[in-house]
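In what follows, chains carry the letters A, B, and so on, assigned in the order in which the sequence lines appear, proteins first and then strands, with residues in each chain numbered from 1.
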Amino acid sequence: MYEIRFHGRGGQGGRMAAEAYALAAFLEGKYAVSFPFFGAERRGAPVRAFTRVDDKKIRIKTQIYEPDYVVVLDETLIETEDVLEGLKEDGMVIINTPKKPEEVQLSKPVKCATVDATSIALEILGRPITNTAILGAIAKATGKVSIDSIEKAIIEKFGARLGKEAGEKNAKAARVAYEKTLVGVSQGGKEFVPRKRWLPTVEEMPIGGAIGTLQTEAGLVGIGSFIENKTGDWRTFIPVVDKEKCIGCRLCWFYCPEGCISMVEDKATVDYDYCKGCGICANECPVNAIEMKREVRE
Amino acid sequence: MNIKDLPEESLFTPGHTACAGCAAPAIVRNMMKIFGKDTIVYTPANCLLVFSGTYPHLAWKVPYLHEAFENTGACISGVARAYRRKGRKVLVVGFAGDGGTYDIGIQALSGAAERNEDAIYVCYDNEAYMNTGIQRSGATPYGASTTTTPAGRKIPGKLEHKKDMAEIMRAHEIPYVATLSISHPKDFLEKVKKAKETEGFRYLHVLSPCPTGWRFDPSKTIEMARKAVDSGMWTLYEAEYGEITNIYKPKKKIPVEEYIKGQGRFRHFTPEMIEELQRWVDRKWERLYGEKP
């Protein structure tokens with residue numbers, strides 16, 4: 001048996017990738033199961049999904065804690081969490097990034113495959129949905145299923161949901177990714193400080209759990225404390241304001257779901273710490289002063 | 001009241017975890033700017049609760065409480081009465097979703113309205129149980145594909161039409177009922193301000209397009225709200241004591257087809273289904289405007 005853990009963001013299709021991979025293995029006569037992590041995750045928030053493959057019936061139903069392979073659909077996730085957690089000694093990590101495996105820094109050096117799935121998806125599908133491209137990379141990196149089975153599984157799974165043409169386009173994305181995947185060894189040495197949690201004792205807990213604003217070891221809790229939760233790493237596209245064109249009408253300021261646009265000298269100014277890149281501001285700007293650009297991260 | 005009259009200071013912080021392109025945080029933030037600091041907020045189970053109030057973290061800068069799904073009306077009643085007894089002037093607001101209003105919360109809401117409690121009830125309507133993964137509600141429009149009304153070969157999405165909740169509330173003859181859309185800022189803000197200044201039970205119903213559940217690109221949220229108004233799928237009006245006092249008429253009524261076209265939940269629509277939905281819009285139009293569209 002081997003196990004794969006998918007790290008993605010809600011809406012990127014991590015669950016569909018896990019299911020399509022299971023289907024590809026099934027088409028080759030294996031037993032396979034897949035399921036997502038259940039939680040209150042929204043589109044854009046970090047999520048996980050799991051796939052197990054075996055030659056015999058699979059009885060185990062737990063989440064995957066010690067995977068053979070880790071798949072990362074969104075490069076920004078390797079900055080905030082240790083995706084290698086529990087990875088087996090000879091395990092491998094497959095990452096969507098424009099970098100070469102040798103340029104990727106993780107908590108320790110491990111076998112690593114990389115592919116720029118976002119660019120492939122944008123080019124072929126026109127949308128930054130990377131779940132099918134990454135499947136091609138898994139086939140190449142692991143050699144556990146053939147790219148033909150991956151294509152068949154994608155056409156069956158995505159074709160049923162999105163129509164035949166979309167199914168075939170997604171299969172093509174997988175094929176292109178298969179050909180472009182690089183395999184090597186990552187760098188190590190990246191340190192992760194586990195996020196602290198606020199765990200008050202019974203005595204410390206206020207009556208009814210009601211809290212004002214408290215500064216704790218785990219950061220701010222209570223009223224207004226979400227301000228410490230930076231959601232800027234959710235985005236793929238970044239709004240760029242042309243200050244010359246901006247007429248200070250405040251429509252974007254009003255419409256922005258994050259409330260991360262402020263008016264500086266009567267011009268729209270985006271706080272990129274929080275912007276999720278939805279693009280409403282650019283779509284609604286009456287003078288087209290805002291443009292959504294593909295974000296390049298260092 | 002216009003956008004430029006709104007204060008800079010926000011009582012709803014960024015950093016909340018709503019999906020990119022969600023209309024609800026923009027609705028809530030702008031409403032809170034008018035409601036002001038002396039407000040206490042209640043929410044039942046809904047997306048808003050999960051993305052803005054994941055204990056111990058909160059995006060709100062006012063007292064905020066979470067209650068059970070069905071009793072928003074009862075909770076805001078109790079709190080409003082407690083403050084009256086204490087002689088304190090506090091605005092009591094409940095923010096519920098369409099599931100918590102149309103289906104699960106309607107009895108407590110109806111009771112609170114009938115007793116004319118001094119509170120504001122806001123229904124932000126994204127037309128399904130989005131929080132639990134897009135299940136149909138009484139607010140889901142005809143034909144929409146949801147996880148409990150999946151469009152397939154036998155059943156073409158939801159078979160029933162959307163319930164007219166604002167009209168049910170108008171029939172309670174409460175001091176103020178208004179339907180709002182985030183795409184019409186001036187109208188939106190004036191209604192919120194009016195609700196704040198009115199005494200007794202006030203019901204605000206705002207359409208909240210959901211890119212995840214309606215399946216459209218997150219940048220189109222406001223556009224969807226605007227098209228809903230222009231097509232007559234969503235009607236903006238105010239009613240005082242049961243009488244409509246102000247109704248907005250789109251300058252040019254667009255066919256319902258224009259509205260549904262960009263949304264994945266209507267992707268399977270046949271010409272007959274479009275006609276059926278158009279008939280529903282036209283009936284509603286005639287009832288509210290008193291003339292044929």
> Backbone N or O of A:F254 within a donor-acceptor pair of the B:R29 side chain at under 3.5 Å?
Replying inline: yes

>> I'd like to know whether A:W253 forms a side-chain contact (heavy atoms from CB on, under 4.5 Å) with B:L6, so could you lay out the CA-CA distance, the side-chain angles of the two residues, the decisive distance to 0.1 Å, and finally the verdict.
In response: CA-CA 11 Å; A:W253 174 81; B:L6 273 181; 3.7 Å; yes

> At a heavy-atom separation under 4.5 Å, does B:L11 approach chain A through its side chain, its backbone, both, or neither?
Replying inline: neither

> According to the salt bridge (charged side-chain N to carboxylate O under 4.0 Å, His left out) rule, which pairs have a member within residues 33-47 of chain B, sequence neighbours left out?
Replying inline: B:E9-B:K37

> For A:R294, does the CZ atom have more than 12 heavy-atom neighbours from other residues, nucleotides or ligands under 6.0 Å away?
Replying inline: yes

> Where on B:S52 is there a heavy atom nearer than 4.5 Å to chain A: the side chain, the backbone, both, or neither?
Replying inline: backbone

> B:G53, B:A59, B:C47, B:P14: which one forms the most heavy-atom pairs within less than 4.5 Å of chain A?
Replying inline: B:P14

>> Which atoms of B:F12 are under 4.5 Å from chain A, going by heavy atoms: the side chain, the backbone, both sets, or neither?
In response: neither

> Who among B:P56, B:S183, B:P218, B:G133 has the most heavy-atom pairs with chain A under 4.5 Å?
Replying inline: B:P56

>> Counting heavy-atom pairs under 4.5 Å with chain B, which one of A:C275, A:G279, A:S262, A:G222 comes out on top?
In response: A:G222

> Is a salt bridge present between B:K220 and A:E284, judged by a nitrogen-to-oxygen distance below 4.0 Å?
Replying inline: no

>> Is it the case that over 12 heavy atoms from other parts of the model lie below 6.0 angstrom from the CD atom of A:E217?
In response: no

> Is it the side chain or the backbone of A:L214 that comes within 4.5 Å of chain B heavy atoms, both, or neither?
Replying inline: neither

> So which part of A:C249 gets closer than 4.5 Å to some heavy atom of chain B, the side chain, the backbone, both or neither?
Replying inline: backbone

> Heavy-atom distance under 4.5 Å to chain B: side chain of A:Y274, backbone, both or neither?
Replying inline: side chain

>> Side chains of A:I211 and B:Y55, heavy atoms from C-beta outward: is any pair under 4.5 Å?
In response: yes

> For the side chain of A:K276 and the backbone of B:A18, is there at least one donor-acceptor N/O pair under 3.5 Å apart?
Replying inline: yes

> Heavy-atom distance under 4.5 Å to chain A: side chain of B:V28, backbone, both or neither?
Replying inline: neither

> Which residues in residues 227-234 of chain A have a heavy atom less than 4.5 Å from any heavy atom of chain B?
Replying inline: A:I227, A:N229, A:T231, A:W234

> Given the options B:S10, B:P211, B:P185, which has more heavy-atom pairs under 4.5 Å with chain A than any of the others?
Replying inline: B:P185

